[in-house]
Amino acid sequence: MKKYIKGKEKKLQYVKCNMCGKELEINKGILTEGALLIDYEWNYFSNKDGEIHSLDLCEECYDNLIKNLKIPVDIEKRTELM
Ligand SMILES: [Zn+2]
């Protein structure tokens with residue numbers, strides 16, 4: 001779960017991993033460690049039409065989660081890193 005600081009810019013106040021509850025590192029409103037932040041709006045074809053689901057996973061929980069997938073995650077390496 002995450003909370004933004006109120007204002008025009010989307011600055012994070014905190015992010016906690018939904019799986020393990022760990023609070024992730026934030027510096028000046030920016031997440032400074034690996035995490036998967038999900039905000040997903042379910043559509044008409046689901047039973048959750050119009051609901052936006054938000055959840056966040058720390059990198060460790062993400063790694064544990066994907067270990068259990070029958071089909072592995074597609075990983076593409078970007079050639080240019082900023
Ligand atoms: Zn976690």
Side-chain angles (χ1 to χ4, degrees):
M1 65 168 299
K2 57 191 158 306
K3 188 164 187 226
Y4 290 98
I5 298 167
K6 280 182 188 157
K8 275 189 181 173
E9 290 174 69
K10 264 201 153 185
K11 286 190 171 183
L12 287 162
Q13 189 176 340
Y14 65 80
V15 180
K16 286 178 185 173
C17 173
N18 280 75
M19 192 90 91
C20 70
K22 182 179 111 167
E23 189 159 348
L24 303 178
E25 280 183 39
I26 301 284
N27 188 3
K28 292 175 185 159
I30 293 165
L31 183 65
T32 55
E33 65 176 295
L36 178 67
L37 309 184
I38 301 169
D39 294 294
Y40 182 73
E41 185 172 347
W42 291 87
N43 66 19
Y44 179 76
F45 301 103
S46 71
N47 295 319
K48 303 170 189 63
D49 185 23
E51 292 180 15
I52 299 169
H53 288 204
S54 300
L55 68 117
D56 309 300
L57 297 174
C58 72
E59 192 169 9
E60 196 183 335
C61 289
Y62 173 79
D63 288 341
N64 286 329
L65 179 80
I66 65 169
K67 265 188 232 159
N68 298 315
L69 298 177
K70 212 160 247 172
I71 298 167
V73 171
D74 269 333
I75 298 171
E76 191 177 320
K77 293 243 182 197
R78 282 179 48 181
T79 47
E80 258 179 65
L81 290 174
M82 301 262 289

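Counting starts at 1 for both ligands and their atoms, in listed order. Keep in mind that what you see is a predicted model, and the values were worked out from it rather than measured.
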Short side-chain donor-acceptor distance under 3.5 Å, S54 and D39:
yes
To the nearest 0.5 Å, tell me how far [X] [atom1] sits from [Y] [atom2].
{"X": "E41", "Y": "D49", "atom1": "CD", "atom2": "CG", "result": "8.0 Å"}
{"X": "L31", "Y": "K2", "atom1": "CG", "atom2": "NZ", "result": "10.0 Å"}
{"X": "C17", "Y": "L24", "atom1": "SG", "atom2": "CG", "result": "6.5 Å"}
{"X": "L55", "Y": "C61", "atom1": "CG", "atom2": "SG", "result": "11.0 Å"}

K22: which residues meet the salt bridge (Lys or Arg N to Asp or Glu O under 4.0 Å) condition with it, sequence neighbours left out?
E33
Using 2.8 Å as the cut-off, note every protein N, O or S atom close to the Zn ion (ligand 1).
C17 SG, C20 SG, C58 SG, C61 SG
